[in-house]
Protein chains: 2
Amino acid sequence: MAVSTLAQGASVLPLDEILDGDCIKVMNALPEGSVDLIFADPPYNLQLRGELHRPDNSRVDAVDDAWDQFDSFKAYDTFTRAWLKAARRLLKPNGAIWVIGSYHNIFRVGTALQDAGFWILNDVVWRKSNPMPNFRGKRLTNAHETMIWASKSEGAKYTFNYEALKELNEGVQMRSDWVLPICSGHERLKDDNGDKAHPTQKPESLLHRVLVGSTNPGDVVLDPFFGTGTTGAVAKLLGRHYIGIEREESYRKVAAKRLGQVRPLEASALETTISKRAQPRVAFGQLVERGLLRPGEVLVNPRGQAAKVRVDGSLVSAEHRGSIHQVGAALENAPSCNGWTYWQFKRDGRLIPIDLLRQQIRSEMHD
Amino acid sequence: MAVSTLAQGASVLPLDEILDGDCIKVMNALPEGSVDLIFADPPYNLQLRGELHRPDNSRVDAVDDAWDQFDSFKAYDTFTRAWLKAARRLLKPNGAIWVIGSYHNIFRVGTALQDAGFWILNDVVWRKSNPMPNFRGKRLTNAHETMIWASKSEGAKYTFNYEALKELNEGVQMRSDWVLPICSGHERLKDDNGDKAHPTQKPESLLHRVLVGSTNPGDVVLDPFFGTGTTGAVAKLLGRHYIGIEREESYRKVAAKRLGQVRPLEASALETTISKRAQPRVAFGQLVERGLLRPGEVLVNPRGQAAKVRVDGSLVSAEHRGSIHQVGAALENAPSCNGWTYWQFKRDGRLIPIDLLRQQIRSEMHD
DNA sequence: ACCACCCGTGAATCCAGTA
DNA sequence: TTACTGGATTCACGGGTGG
């Protein structure tokens with residue numbers, strides 16, 4: 001994991017190194033058609049206006065680094081098309097690329113990929129199990145990021161380890177949405193002050209799935225925005241070669257130290273477990289959205305008291321309003337109430353527990 | 001649900017109708033700034049080898065016509081930018097748009113939205129609980145579609161029913177990934193032959209969430225690619241007005257029949273949890289004016305610090321003076337503070353939150 | 001050792017009404 | 001248009017502390 005400055009026009013691929021410099025120049029100095037996979041986490045071009053505070057008045061540590069600032073969409077597009085062109089030149093004919101982004105930049109990246117001749121294979125949604133909430137209640141919780149997986153060109157024979165991913169997914173086909181936690185805890189690298197070493201470090205679990213699914217042992221994986229080297233760490237662990245490009249010295253330093261601590265897995269151990277999937281919660285409102293209960297319909301409790309369903313899944317009784325649990329608790333004058341087992345609805349003159357509808361939704365979710 | 005052909009230059013908005021014709025021409029004939037929400041499910045027809053159609057539905061002659069990939073994207077972009085321009089003209093200043101698509105087209109749509117001046121609020125992933133599997137095992141199961149939600153411009157005051165969506169999500173704020181089944185079963189409309197009436201009919205549950213979250217009863221919702229009218233059906237059910245545009249007669253026919261069978265919900269079922277923001281403002285000074293608090297009376301914060309009420313409704317503590325919010329913020333050394341939930345007063349030796357007095361005034365205002 | 005509780009924090013385009 | 005100010009707003013974890 002030496003950190004090296006690349007001489008112009010190198011004809012030999014520097015494997016398992018972190019290269020210093022602007023990614024476009026460095027990529028153009030590497031030999032054409034020599035890389036199996038590129039994983040890129042480019043700047044997102046977030047356009048943050050002012051400071052943001054949590055409801056408890058603590059300040060959100062935003063991504064305000066200079067490398068994420070662009071003057072306009074046009075400037076961002078120019079940058080994107082330039083690095084994608086250099087990246088495409090580097091790829092072997094059957095190579096592929098992954099690019100990750102958010103709604104701020106991913107549409108521009110996707111358009112540029114298509115215009116450059118890449119052939120999109122899937123867009124993959126990383127659904128974060130623990131995203132940061134929306135503190136002001138003005139939008140939906142931004143709970144996912146998008147990755148685009150594309151081959152160098154249409155008809156190319158890209159690598160796809162279908163069986164391995166199926167295995168990772170408990171025996172069923174891997175889907176285009178991946179539920180994984182964000183990078184936190186001990187995995188999150190800190191600097192000497194104890195602050196996060198990089199504002200946007202990606203979880204290794206994400207790269208694990210990418211590399212298991214779209215590379216083979218011994219392949220060369222390049223990351224032009226190396227940061228703290230998550231791509232390199234997982235590549236090395238999985239017996240792939242990496243090439244990292246990073247222009248910020250502080251990130252290179254952290255990455256080099258990190259990579260020095262990675263010990264590749266034995267060939268026999270290249271299969272790992274996956275994080276368990278949380279049992280999805282079913283919201284009562286889904287019964288309304290999906291037409292299993294009609295807004296305005298009446299639910300009945302064990303005492304025969306009635307409450308009416310509203311479009312947002314809340315209930316209204318003669319004296320109370322709120323969730324199925326809240327209204328149930330109020331009617332029972334109890335501290336809490338499981339609304340799912342408390343309420344019934346009428347069908348064909350018979351009373352049916354609403355929990356049966358929840359079970360129906362749960363069973364559909366497993367399909 | 002009459003189906004009508006729009007006369008050029010109509011100055012009156014035809015509500016709750018299905019309009020016949022090309023959506024760009026029809027939209028341009030409707031009055032500017034008259035629509036609250038646009039939901040659009042534009043054609044995806046990219047990368048569909050074999051039967052090629054241009055976005056304007058003209059057939060491609062594979063022999064004479066050089067229909068390479070770049071031309072295809074270029075034509076799609078031209079089409080997209082044209083209908084988005086017409087759509088944006090139609091929107092009220094505080095209106096918003098939703099566009100749904102897949103990786104074939106959504107990146108181009110997103111780029112065009114941004115370039116047209118729309119301001120992206122969220123990208124929302126519709127995670128299909130029952131997608132079609134990938135039969136050949138060559139890619140990931142394409143298990144989601146992407147919706148982009150955007151306001152007409154940056155800084156616009158778009159509609160967002162935060163509390164209603166939170167209620168729909170079992171009391172936690174709604175995320176940007178929605179798990180919903182595809183449209184199937186009885187909901188899936190069939191033609192006279194028993195085949196599906198439309199290839200990409202969207203589930204009503206999806207529109208339910210969109211319309212509850214980003215419109216109010218009475219709003220005007222336009223769908224320029226109406227198809228079998230899912231947008232209209234849910235809008236009518238929820239007490240919103242719809243305008244559908246569809247150029248295929250067979251779809252219009254199915255949609256008209258469908259809409260005729262929809263019976264709007266009662267107003268009481270349409271109500272949702274009212275936002276605190278929407279409640280009338282109460283000035284703290286009113287508590288003094290009305291004698292609920294006496295001038296000179298002492299308020300106490302959570303730390304036990306005291307402040308005295310003055311005749312004009314301002315507070316004085318040992319070191320600070322100003323509004324209940326300002327003194328609270330100063331004592332907490334915080335950027336802001338909600339004085340209503342921060343201060344308490346004493347009655348009969350017990351501490352009571354001043355917010356209770358505000359609620360008392362508010363309830364009197366309803367009488 | 002274990003559990004309960006508190007605290008910190010994460011790629012964020014995050015306010016509205018009035019003077 | 002700008003300035004000011006009232007006041008509304010958070011979910012899932014991990015780690016550390018204290019009992």
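Quick note on labels: first sequence line is chain A, next is B, and so on, each numbered from 1. This structure is a prediction, so every number in the text was calculated from the model and none was measured.
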Would you say the base of [N] and the side-chain of [X] have a donor-acceptor pair closer than 3.5 Å?
| X | N | result |
| --- | --- | --- |
| A/Arg54 | C/dG10 | yes |
| B/Thr341 | D/dA8 | no |
| A/Asp64 | C/dA12 | no |
| A/Lys202 | C/dA11 | yes |

Suppose you measure atom [atom1] in [N] against the same atom in [M]; what distance do you get, rounded to whole Å?
| N | M | atom1 | answer |
| --- | --- | --- | --- |
| C/dT18 | D/dA8 | P | 15 Å |
| D/dG7 | C/dA11 | C1' | 28 Å |
| C/dA1 | D/dG18 | C1' | 14 Å |

Classify the side-chain pair [X]/[Y] by whether it contains a donor and acceptor separated by less than 3.5 Å.
| X | Y | answer |
| --- | --- | --- |
| A/Asp177 | A/His144 | no |
| B/Tyr103 | A/Trp149 | no |
| A/Thr230 | A/Arg258 | yes |

Could you tell me the separation between the [atom1] atom of [X] and the [atom2] atom of [N], rounded to a whole number of Å?
| X | N | atom1 | atom2 | result |
| --- | --- | --- | --- | --- |
| B/Ile120 | C/dC14 | CD1 | P | 13 Å |
| B/Tyr342 | D/dT9 | OH | P | 20 Å |
| A/His186 | D/dG15 | NE2 | P | 4 Å |
| B/Arg362 | D/dG6 | CZ | C1' | 12 Å |
| A/Phe135 | C/dG10 | CZ | P | 10 Å |
| A/Arg59 | C/dT9 | CZ | C1' | 12 Å |
| A/Leu48 | C/dC14 | CG | P | 7 Å |
| B/Tyr158 | C/dA16 | OH | P | 7 Å |

ask   = Is the backbone of A/Gly339 close enough, under 3.5 Å, to the side chain of A/His325 for a donor and an acceptor to pair up by distance?
value = yes

Distance-only, no hydrogens or angles: does the A/Asn122 side chain make a donor-acceptor pair with backbone N or O of A/Val124 under 3.5 Å? no

Using both distances under 3.5 Å as the test, list the Watson-Crick or G-U wobble partner of [N], or none.
| N | value |
| --- | --- |
| C/dC14 | none |
| D/dG7 | none |
| C/dT9 | D/dA12 |
| D/dT2 | C/dA19 |

Inset, instruction - Report yes if a side-chain nitrogen or oxygen of A/Lys138 is closer than 4.0 Å to either non-bridging phosphate oxygen (OP1 or OP2) of C/dA16; otherwise report no. - result: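 A/Lys138 to C/dA16 OP1/OP2: side-chain N or O found under 4.0 Å.
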
Exercise. OP1 or OP2 of D/dC13 sitting under 4.0 Å from any side-chain N/O of A/Ser184?
Worked result: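 It does not, given that no N or O in the side chain of A/Ser184 lies less than 4.0 Å from OP1 or OP2 of D/dC13.
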
In terms of side-chain heavy atoms of B/Arg277, which of D/dG7, C/dA12, D/dT9 is nearest?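 It is D/dT9.
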
With respect to the side chain of A/Lys128, which nucleotide from C/dA12, C/dA11, D/dG6 is positioned closest?
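For A/Lys128, the side-chain atoms sit closest to C/dA11.
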
Heavy atoms only, 4.0 Å cut-off, all strands: where does A/Asp195 land among base, sugar-phosphate and nothing?
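No contact.
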
Assign each of A/Ile182 and B/Trp119 the nucleotide of DNA chain C bearing its closest heavy atom; nearer the 5' end lies the nucleotide of A/Ile182

